[in-house]
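Down below is the structure, laid out as structure tokens.
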Protein chains: 2
Amino acid sequence: MPARGDLPQMLIEAGLAILDEEGAEGLTLRRIAARAGVSHAAPAHHFNGLPGLRIGIATQGFQDFRRELIATRDAQPADAGAFQRLLAVNLTYIRFARRHTPLFRLMFDQLPTQDPDLRSVARAAYVVLQEHCQPFVRDREAAPFETAVWALTHGFAMLNMDQPYPPESPVQVSSYEDALRLLVG
Amino acid sequence: MPARGDLPQMLIEAGLAILDEEGAEGLTLRRIAARAGVSHAAPAHHFNGLPGLRIGIATQGFQDFRRELIATRDAQPADAGAFQRLLAVNLTYIRFARRHTPLFRLMFDQLPTQDPDLRSVARAAYVVLQEHCQPFVRDREAAPFETAVWALTHGFAMLNMDQPYPPESPVQVSSYEDALRLLVG
DNA sequence: CGATTATCTTTACACTGTCAAGTTGAGTAA
DNA sequence: TTACTCAACTTGACAGTGTAAAGATAATCG
């Protein structure tokens, strides 16, 4: 929650709210500023224009994303198996994309900007997934397997986000478990 | 190639060129029109504003996409194995995303619009991938396996498009073959 | 107390998409 | 031929956008 007077954080929160409520098209500098109760030129003093503000919003998005992944991990029962843990975390990944589709798109659209803070929190979110792959690495190398699991999950999230495609054989969340099982062998 | 006087096709071609040369930010209605040599209001008579033109560009993108997939399939040697064929087609999928990143994003961003033509060509492109999964379906059901292969490939394409992420363990095209092999078993 | 500096507002500008009205030119019917 | 029609396109205007410059305001500090 933004402290009153902490305008940068208030602008980011306003941006997140607009993304969830109105989608990516509503995310204009002037509307963000209006929602935060300041003039349209105020953001310029804290961010490098709209591009900078978008990076800030994406950074906050990755932090929230990571927090949800961690919350899912910590909510697993003590006797949960390694596969169930990996599955639960990855399903949170997929559901986050579905629940916050415009934000999710923005997050990964902003990654190429190479902003240090953004890279850092994005990396931290990935580590949560990565550590759940550990039990399945066995004799093979870790990196290629982790990459495969990540790509499968991210692809599933992307294709499941907006609508089933192709319509005749939809990418349903319910079929992700089977897909993941194919991969872990 | 657009015939002179076929303005709709010329506008789409102009849009594709702008996407490749200037990225998504350059794709404005007025710049597309200027590149096609017409006034800024001309596109309105052939498309439903910029949203309609974007759908048209995405539709053309899926057609080109499908053509490249088919070209790769037809270029395989007669003695190529089923895995090599699947791998080759999917690598074309991944490379297309990398070579035409702004277009690739636009294509899948426009899918939720539910435009009939767009859905049709997108489905046709998917079928190319789908038919290469056939040899690996064996006793299991086809749809979940195809979905898994598609999600893995699409996720790989998305993560590989702009830049390696996370930077320390990049999603390299060279590691896709191992990932796919894990999946087909 | 007076000066300074960060924060925010006001104003102006170029650019965007859309709409309404006007222009043009090819085809058509009498 | 002449008048009509109509699709294709242009022109002009409008609200909304991001950005930059300049002004106002208030807190901080010497």
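Every chain is numbered from 1 and lettered A, B, ... according to where its sequence line falls, protein lines coming before strand lines.
- Put simply, CZ on B:Phe47 is 14 Å from C1' on D:dA8, counting in whole angstrom units.
- Here the two rings, on A:Phe65 and A:Tyr93, have centers that are under 6.0 Å apart.
- In this structure, a donor-acceptor pair under 3.5 Å is present between the side chains of A:Thr153 and A:Asn90.
- Look at CZ on A:Arg31: it is 15 Å from C1' on D:dG18, rounded to the nearest Å.
- Within the 6.0 Å centre-distance limit, the rings of B:Phe108 and B:His154 are counted as a close aromatic pair.
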Decide yes or no on salt bridge (charged side-chain N to carboxylate O under 4.0 Å, His left out) for A:Arg67 and A:Asp64, but give the supporting numbers first. CA-CA 5 Å; A:Arg67 193 173 313 139; A:Asp64 298 347; 3.6 Å; yes
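- Within the 4.0 Å cut-off from OP1 or OP2 of C:dA6, not a single side-chain nitrogen or oxygen of A:His46 is found.
- Look at CD on A:Glu22: it is 11 Å from P on D:dT17, rounded to the nearest Å.
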Where protein sits on nucleotides 10-15 of chain D, one letter per nucleotide: B base, S sugar-phosphate only, - none, heavy atoms under 4.0 Å: BBBB--
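- Residue B:Leu29 contributes atom CG, which lies 11 Å from atom P of C:dC19 at whole-angstrom precision.
- Proximity of the aromatic rings of B:Phe104 and B:His100 is defined here by a centroid distance below 6.0 angstrom, and this criterion is not met.
- Of the candidate nucleotides C:dG17, D:dT17, D:dT19, D:dT19 has the atom lying nearest to any side-chain atom of A:Leu50.
- Relative orientation of the B:Phe83 and B:Phe136 rings is perpendicular, given thresholds of 30° and 60° on the angle between their planes.
- Atom CG of B:Leu7 and atom P of C:dG25 are 17 Å apart (whole Å).
- As rounded to whole Å, 11 Å separates atom P of D:dT17 from atom CG of A:Leu27.
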